[in-house]
Amino acid sequence: MYTAHPDRYTDLPYRRTGRSGLKLPAISLGLWHNFGPDRPVDTQRAILRRAFDLGVTHFDLANNYGPPPGAAESALGEALKADFGSYRDELVISTKAGYLMWPGPYGEWGSRKYLLSSLDQSLSRMGLDHVDIFYSHRPDPETPLEETMGALHSAVQQGKALYVGISNYSAEQTREAARILGELGTPLLIHQPRYSMLDRRPEDEGLLDALDELQVGSIVFSPLEQGLLSSRYLDGIPEGSRAASDSPFLNSDAVTEDLVGQLRALDDIAKGRGQTLAQLALAWVLRGGRVTSALVGASSPQQIEDSVAATRNLDFDADELARVDAILKP
């Protein structure tokens, strides 16, 4: 029987989420691609256990995570039953709805019917009566934002979610979503955008500024750019990597000679800081405190250990930041 490490809250920093009372660990675990029937159950449970032992209290999911869709939530449900039943109140569990989940006109996007039906299904798969955070996974161009935000508000009113968030919304959409939710009496807690050293759109398009202004938290996904910002690609494309498989999320065309040169230069900076390239990338998105938490995946307990270790050095001096920019913005 699993017993959590007694010192799990010793080292990992926790950050307040916007103006709420909720704190999130600086590193959170995403159950996107490594929690399905194609992965050994023992490995999945070992990752979750090791994460929690290191103070990673936040497990992030969506209805369509797996593969197949729903598998990650089912896997977490089994792990909660087997290992974490007595620790539920120490965990922050989030899920989302927005992408395709079932056939027909009610199986994706942002209608009230889809969002609330999806949340009920998610809770059933995980064996929970509520999640801590429920997200609209993407804006719906055809559904009024008032309806989508109203559905999030209803999830809280029904006791099926404690907080609500949005993901993949622009700065303008975020401001409007926050306004609607504020009028309903359910504050917008958090935004989940894609953000990394290689993808700075939240900075360039004003999203981080909007979140600062609204006092809304942020948890960033793909801070390692599907593994590009790790040591795996310092010598090109290795066999068995995501790029080698021409994944829809990372294909071989992305790993150019110029990019490999940039990664090697970034790796030199990381070594000077006593970090791996992946740790540098995580520390960079967490620098300065604008980002509440960095969301990472893991295919082994060792990967989550490496990610958590990034928080030992989150400070950058002006020269280091200038060197990063010089490499990536020549």
Side-chain angles (χ1 to χ4, degrees), residues 15 17-20 24 28 30 32 60-65 94-101 108-112 114-115 118-119 133-156 161 163-184 186-226 248-250 254 281 284-295 325 328-329:
R15 295 178 167 186
T17 310
R19 62 175 180 272
S20 78
L24 292 180
S28 296
W32 179 28
D60 177 78
L61 302 99
N63 57 357
N64 63 334
Y65 286 0
S94 62
T95 196
K96 315 177 197 72
Y99 287 94
L100 181 63
M101 189 60 191
E108 62 177 328
W109 293 109
S111 72
R112 179 180 181 85
Y114 165 66
L115 290 173
S118 178
L119 177 55
I133 308 170
F134 182 48
Y135 287 87
S136 167
H137 207 166
R138 60 173 171 171
D140 182 346
E142 296 185 348
T143 298
L145 194 56
E146 288 82 359
E147 179 175 340
T148 301
M149 295 304 106
L152 297 185
H153 170 66
S154 291
V156 173
Y163 301 93
V164 299
I166 57 177
S167 182
N168 298 303
Y169 280 56
S170 70
E172 181 180 356
Q173 291 166 331
T174 298
R175 286 190 173 93
E176 183 64 5
R179 181 192 67 78
I180 295 167
L181 285 168
E183 291 178 354
L184 291 170
T186 297
L188 176 61
L189 173 80
I190 195 166
H191 190 299
Q192 188 173 134
R194 182 170 184 150
Y195 181 49
S196 74
M197 289 195 291
L198 299 178
D199 187 347
R200 303 191 184 190
R201 284 175 293 176
E203 287 182 15
D204 299 337
E205 297 174 1
L207 177 61
L208 293 185
D209 290 336
L211 297 178
D212 286 344
E213 171 193 322
L214 297 166
Q215 293 183 278
V216 168
S218 60
I219 179 168
V220 299
F221 71 89
S222 293
L224 303 182
E225 283 296 320
Q226 306 297 315
F249 305 104
L250 178 64
W284 186 88
V285 298
L286 291 168
R287 75 196 187 286
R290 294 188 84 185
V291 168
T292 312
S293 183
L295 192 57
D325 285 346
L328 296 176
K329 296 183 176 181

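In this structure the side chain of T95 reaches within 4.5 angstrom of the side chain of F134, judged on heavy atoms. Side-chain contact check for P193 versus V220: some heavy-atom pair is nearer than 4.5 Å. Within the 4.5 Å cutoff, side-chain heavy atoms of N168 are placed close to those of F221. Taking 4.5 Å as the limit, every side-chain heavy atom of W109 sits out of range of all side-chain heavy atoms of E142. Contact of the L198 side chain with the L328 side chain is registered, since non-hydrogen atoms from C-beta on lie closer than 4.5 Å.
Interatomic distance, M101 CE to N63 CG, rounded to the nearest 0.5 Å: 5.0 Å. Rounding to the nearest 0.5 angstrom, the gap separating the NE2 atom in H191 from the OG atom in S170 is 7.5 Å. For the atom pair S118 OG and Y99 OH, the distance stands at 13.5 Å (nearest 0.5 Å). Atom CG of residue D60 and atom CH2 of residue W32 lie 11.5 Å apart, to the nearest 0.5 angstrom. R138 CZ to S167 OG: the interatomic distance, rounded to the nearest 0.5 Å, is 11.0 Å. Taking CG of L286 as the start and CZ of R15 as the end, the distance is 5.0 Å to the nearest 0.5 Å.
Applying the salt bridge (charged side-chain N to carboxylate O under 4.0 Å, His left out) definition to pairs two or more places apart or across chains, those involving residues 164-183 are R175-E213, E176-R179, R179-E183. Screening residues 198-220 for ring-ring contact (aromatic ring centres under 6.0 Å, His included) gives no qualifying pairs among residues at least two apart or on separate chains.
The salt bridge (charged side-chain N to carboxylate O under 4.0 Å, His left out) test applied to R19 returns no partner, not counting sequence neighbours. Scored by the side chain to side chain donor-acceptor pair (under 3.5 Å) test, T186 finds H153 as partners (sequence neighbours excluded). Shown here are the side-chain contact (heavy atoms from CB on, under 4.5 Å) partners of S218, two or more places apart in sequence or in another chain: L211, V291, T292. A177 meets the side-chain contact (heavy atoms from CB on, under 4.5 Å) test with L145, M149, I166; sequence neighbours excluded. Remark: S293 engages L24, S28, I219 in a side-chain contact (heavy atoms from CB on, under 4.5 Å) (not counting sequence neighbours). When the ring-ring contact (aromatic ring centres under 6.0 Å, His included) test is applied to Y195, the partners found at least two apart in sequence or on another chain are W284. Partners of Y169 according to the ring-ring contact (aromatic ring centres under 6.0 Å, His included) rule, which considers only residues two or more places apart in sequence or in another chain, do not exist here. Scored by the side-chain contact (heavy atoms from CB on, under 4.5 Å) test, A281 finds M197, L224, L229 as partners (sequence neighbours excluded). Residues satisfying the salt bridge (charged side-chain N to carboxylate O under 4.0 Å, His left out) test with D199, not counting sequence neighbours, are R194, R201. Applying the salt bridge (charged side-chain N to carboxylate O under 4.0 Å, His left out) rule to E203 yields the partners R287; only residues at least two apart in sequence or on another chain are considered.
Nearest heavy-atom pair, Q173 versus P139, reported as atom, atom and distance to 0.1 Å: OE1-CG, 3.6 Å. Across all non-hydrogen atoms, the minimal contact from G110 to T148 is O-OG1, 2.7 Å. When every heavy atom of V164 is checked against every heavy atom of I133, the shortest pair comes out as C-CG2, 4.2 Å. In terms of heavy atoms, Y163 sits closest to S20 at CE2-CB, 4.5 Å. Nearest heavy-atom pair, A155 versus L119, reported as atom, atom and distance to 0.1 Å: CB-CD2, 3.6 Å. When every heavy atom of G165 is checked against every heavy atom of L152, the shortest pair comes out as O-CD1, 3.7 Å.
Judged by distance alone, the side chain of E147 and the main-chain N or O of S111 form no donor-acceptor pair under 3.5 Å.
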